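Accompanying notes for the structure given below.
Only heavy atoms go into these numbers, but all of them, side chains included; no hydrogens, no water, no symmetry mates. All figures in this text were calculated on a predicted structure; none of them were measured in a lab.
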Amino acid sequence: MADSKVSAKLSAADREAVMEAISTIRQKLPFLIDLSTEERKALPKLGDKSRAFVSKALEIAAQNPDFLPRSFDVDEMRRDIELFEALYPILLSLTQLQELVDDTSVAVGSEAYAAGLLVYNYAKASGKGAGLDSMVDDLGRRFARKAKKLQPQTS
């Protein structure tokens, strides 16, 4: 077999501890919301380039509240900015962690699939008469193609 990128085991206890840690994160962030794709697309985005703009706008609003409508809540704007700034490093850490988990999952899944293909090919080549025929056929169903329905030709 090819060299393995990952050779590890995740114990049930460690898996449970990770799941509990994720649960704790969710509990500590009870205000998290789930946006639909349409809602997400419709919202203006606050990125790195806009952070300075928003901070300056808050300064202007806090120092000159007279030109704003009474319904404008400067304190709510401040809370939104503070929460965004508090969530930002968490988002970066979780994004990095998710990429690592995803890459590891893809790599070990690929290794497992490649090993399965080797077993199948060896069993197919060397397993005749060894009582493996039905098992090889069972594995081979993974590669079976469905016949395409022929369209009746119209004249």
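The heavy-atom pair separating Lys5 from Glu111 by the smallest distance is N-OE2, 2.6 Å. Closest non-hydrogen pair, Leu139 versus Tyr120, comes out as CB-CD1, 3.5 Å.
The list of ring pair (Phe, Tyr, Trp, His ring centres under 6.0 Å) pairs with a residue in residues 13-70, not counting sequence neighbours, is empty. Sequence neighbours left out, the pairs with a member in residues 52-76 that pass side chain to side chain donor-acceptor pair (under 3.5 Å) are Asp75-Arg78, Glu76-Arg79. Under the ring pair (Phe, Tyr, Trp, His ring centres under 6.0 Å) criterion, the residue pairs touching residues 73-102 are Phe84-Tyr88, with sequence neighbours excluded.
When hydrophobic side chains of Ile, Leu, Val, Met, Phe, Trp and Tyr are connected at separations under 4.5 Å, Val18 ends up clustered with Met19, Ile22. In this structure, Ile33 shares a hydrophobic cluster with Leu35, Leu43, the cluster being traced through Ile, Leu, Val, Met, Phe, Trp and Tyr side chains under 4.5 angstrom apart. Alongside Val108, the hydrophobic cluster contains Val6 (criterion: ILVMFWY side chains under 4.5 Å).
Every side-chain contact (heavy atoms from CB on, under 4.5 Å) that Thr37 has, sequence neighbours left out, goes to Lys41. Taking Phe72 as the reference, nothing meets the ring pair (Phe, Tyr, Trp, His ring centres under 6.0 Å) condition, with sequence neighbours excluded. Asp14 meets the side-chain contact (heavy atoms from CB on, under 4.5 Å) test with Leu10, Ser11; sequence neighbours excluded. Applying the side-chain contact (heavy atoms from CB on, under 4.5 Å) test to Tyr113 and every residue at least two apart in sequence or in another chain returns Leu117, Arg142, Phe143. By the side-chain hydrogen bond (donor to acceptor under 3.5 Å, both in side chains) test, Glu82 pairs with no residue at all, sequence neighbours left out.
No side-chain heavy atom of Ile81 sits under 4.5 Å from any side-chain heavy atom of Leu46.
Once rounded to the nearest 0.5 Å, the distance linking CG of Leu87 with CG of Leu32 reads 7.0 Å. Leu29 contributes atom CG, which lies 5.5 Å from atom CD1 of Ile90 (distance to the nearest 0.5 angstrom). How far CD of Gln98 is from OG of Ser93: 13.0 Å, rounded to the nearest 0.5 Å.
Other residues, nucleotides and ligands place more than 12 heavy atoms under 6.0 Å from the NZ atom of Lys45.
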Show me the side-chain donor-acceptor pairs of residues 99-107 shorter than 3.5 Å, one per line, residues at least two apart or across chains.
unit_1: Thr104; atom_1: OG1; unit_2: Leu100; atom_2: O; d: 2.8

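Side-chain heavy atoms closer than 4.5 Å link hydrophobic residues (I, L, V, M, F, W, Y) into clusters, and following such links, possibly through other members, connects Ile60 to Leu68.
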